[in-house]
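Here is how names work: the chains are called A, B, and so on, in the same order as the sequence lines, proteins then strands, and each is numbered from 1.
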Amino acid sequence: MIQYEKALNPKQLEAVTTLSGPLLVIAGAGSGKTRTLIYRVARLVEHGVDPQAILLLTFTRKAAQEMLDRAAQLADPRCRLVSGGTFHSLAHRILRAHASILGFSNGFTVIDRSDMEEILHSLLPDLSLSNTGLRVPKRGTLASMMSKAANLEVPVEQLVADEYPQFIDFAVHAGRLGRLYARYKKKNQLMDYDDLIIYLRALLMEHPELRQRLARRYGYIMVDEYQDTNRIQAHIVKWLGHEHRNVMVVGDDSQSIYSFRGADYRNMFQFPKEFPEARIIKLEENYRSTQPILTFTNAIMERAKERYTKCLFTRREGGAKPRVVNTLTEPEQAVFVVRTIQEMLGRGRRLRDVAVLFRAAYHSFELELELARAGIRYVKYGGFKFMESAHIKDLLAHLRAVLNPDDAVSWGRILRLIPGIGRAKSQDIIEWIRQTGTGPSALKEWPGRAPEKVRNALAQLSELLVKLTQRDITPSKAVEMTLEYYGPFLEQMYDDYPRRRKDLEQLALMASRYQRLRKFVDELVLDPPTSSVDLTQGLPDDFLTLSTVHSAKGLEWSVVFIIWVMEGRFPSAKALNDPLAVEEERRLMYVASTRAKDELILCYPSKEDSHPWGYEHYLYGPGSNGLSSFVSGLPPEIVSYENADRVHVREEFTRQSPWQHPDPTAASAGDSDFMPGDKVEHPAFGPGVVSKLVDREKVEVLFRNAGRKLLHLAYTTLHRI
DNA sequence: CATCACGCTGTTTTT
DNA sequence: CAGCGTGATG
């Protein structure tokens, strides 16, 4: 029997014991929001509600899984049967069964962001703009335009006019492109992330009998992170819940940081209007951070424009003020962070108690080099996506072409792997496949002209695809067979073949956890592995966490570093000119700092310097960019301002004179001397090529996978490959 | 079809 | 600075 009264504070208890009717819980950071949800699941199950009738919608699938695991441990193992997941995974589950009502095949393919970009890109020529001199956005920007228009339910033309003034002349073409894209998806049986939720809502709105069936099936709805939902998702909640009205939404308007994908925290304010009888409960007691940290975060949020007023407090006594540390330059900042961590380790802290947070994934590159040099193990969340690397996409394309023969993106991808087949020929073959409709076995009978070599390759591909079509094939077997076929291509294309091969073997391992090929492929798109850890499973026993703020949501550490890096115009220009962007920056800062339990350290490089790419001079530091401007005005009672000790650091990093290799013609004699052009391997960055010798200890290396290409590196962390 | 030189442009976060 | 698109060449 669970002792709810002992485990929960009065507000939490009220939320947990309100089992029916609409309920809005405004839960500040660290106020036991997750705990409340877990106990409520337990309570519902304890009161005899069928676990499968409970729908727990969270922001990531992992979050749902963890909550249900904890509920199961706490109360009843049956809590694991609760239907949990993201809006997208719910939509996917339902659409797999009912997409045919909408004129889709139930065998549709879910495409990810990069597929979307590729399709949009491939449709550009159809707009016939080549000689008009019109400025056309890049594929990534095009995808953002389409996605945001879809999520905000605004015509593409209008969205471009409103949010991309630099592309105003393109707006009308963007609208045309959007229609071409929609037609393309229909024709090829594809749905992107946005389609999933849009079509789910369409099902609910336009098919009352199905809506009723689903609403009855999910008699109790709980939505976490409600501030991050968009209007479409809010509609889905409304349609599913408007009959039984057992809807609990939990969120914190101050933590809304997803407006870039259409999220609107005003959904929180809307909820009581949609459900007028809703109870509203505020959780303001914080169980995570010390008071000085909360004073800091409250001070940041005080000046926010529109919000549910709430003020975090704690009963935790003591604790130091957040430190704002000027580290002069970015390399020095990395050294400062590493040294501070080392000192903490000396005082008995463990690495797993510490996290370093930053805004964008590449902001940690400099730090990663320093960590590697110091031998500190870390796991990084956010940023580079395993799923988006070319070799993974290539392999999956084979599987997807088999699962959905209409998927021309995948067909194009696998056909173009064959030397001698490019854009034109692959188009031809795809068209032919579509017309004859005889499936993969017919590939070798393609009537077009091609050299013997290409024919043979096509025959081999056809053989593979036929094998993949066998009904009883297991996902891991399928991956293995594809790897056998694809391996030789891979070896030819990349000089870092061994590493990529290893990735693909990992993929085979992941596949072995699934029974059905389709399920495996779908889950990879809907729930892509976000860090290398997810792939390897085994973790080192102690490790530091590096994370983007977005990926750090819902997590906590004893010590949190927030680092800024030198950057040109972003976020300064936009953040300082766009009031909405300023507010989002503010909330980002709030999310980042409320992850800290005991110590919060904010670092910024302040040195006046030229932009690394040669832009005009500008000043880094508090006030100069979006994040730091919130910190600069705070009085010393709230934060302590410091300068990092840089006596030794300076020495290390100010040696500017280019160092000449003693003898450029001599083959480096067996040890650590590198030459430009040497291929090297780095523990964090993988393979790279030496481009320049900087001094006795440092070389510049060109890394293939790093967004920022040139980096200084100590010899000791490199080895030749 | 593949490769190279040239010119233009410049935001990041995730399902 | 470096990625990306374009247009010319092999």
Spacing between [X] atom [atom1] and [N] atom [atom2], to the nearest angstrom:
X	N	atom1	atom2	answer
A:Lys138	B:dT11	NZ	P	7 Å
A:Ile236	B:dT15	CD1	P	17 Å
A:Asn230	B:dT14	CG	C1'	13 Å
A:Asp112	B:dT14	CG	P	14 Å
A:Ile562	B:dT12	CD1	P	20 Å
A:Tyr164	B:dT12	OH	P	12 Å
A:Gln227	B:dT15	CD	P	15 Å
A:Leu357	B:dT13	CG	P	14 Å

DNA chain B: 5'-proximal contact among A:Ile418 and A:His550 (nearest heavy atom): A:Ile418
Nearest-nucleotide comparison on DNA chain B, the residue closer to the 5′ end among A:Ser144 and A:Ile421: A:Ile421
Contact under 4.0 Å: [X] side-chain N or O vs [N] OP1/OP2:
X	N	result
A:Ser89	B:dT15	no
A:Arg261	B:dT12	no
A:His121	C:dG5	yes
A:Ser551	B:dT14	yes

Under 4.0 Å, heavy atoms only, any strand: does [X] hit a base, just the sugar-phosphate, or nothing?
X	result
A:His92	nothing
A:Tyr258	sugar-phosphate
A:Arg61	nothing

Whole-angstrom distance between [N] and [M], as gauged at atom [atom1]:
N	M	atom1	value
B:dT12	C:dG5	P	16 Å
B:dT14	C:dG3	C1'	23 Å
B:dT13	C:dC4	P	15 Å

Aromatic-base stack, A:Phe260 on B:dT13, cutoff 5.5 Å, angle under 30: yes
Ionic contact status for A:Asp527 with A:Lys62, cut-off 4.0 Å: no
Note: A:Lys138-A:Glu117 ion pair, threshold 4.0 Å (strictly below): no
Out of B:dT12, C:dG5, B:dT15, whichever nucleotide has its closest atom nearest the side chain of A:Arg139: C:dG5
Verdict with supporting geometry, A:Tyr218 and A:Leu90, side-chain contact (heavy atoms from CB on, under 4.5 Å): CA-CA 11 Å; A:Tyr218 301 118; A:Leu90 172 75; 4.0 Å; yes
Least distance between heavy atoms, A:Arg595 atom then A:Ala29 atom: NH2-CB, 3.9 Å
Shortest non-hydrogen contact from A:Ile236 toward A:Ile197: CD1-O, 3.6 Å
Check: A:Tyr164 ring centre within less than 6.0 Å of A:Phe170 ring centre: no
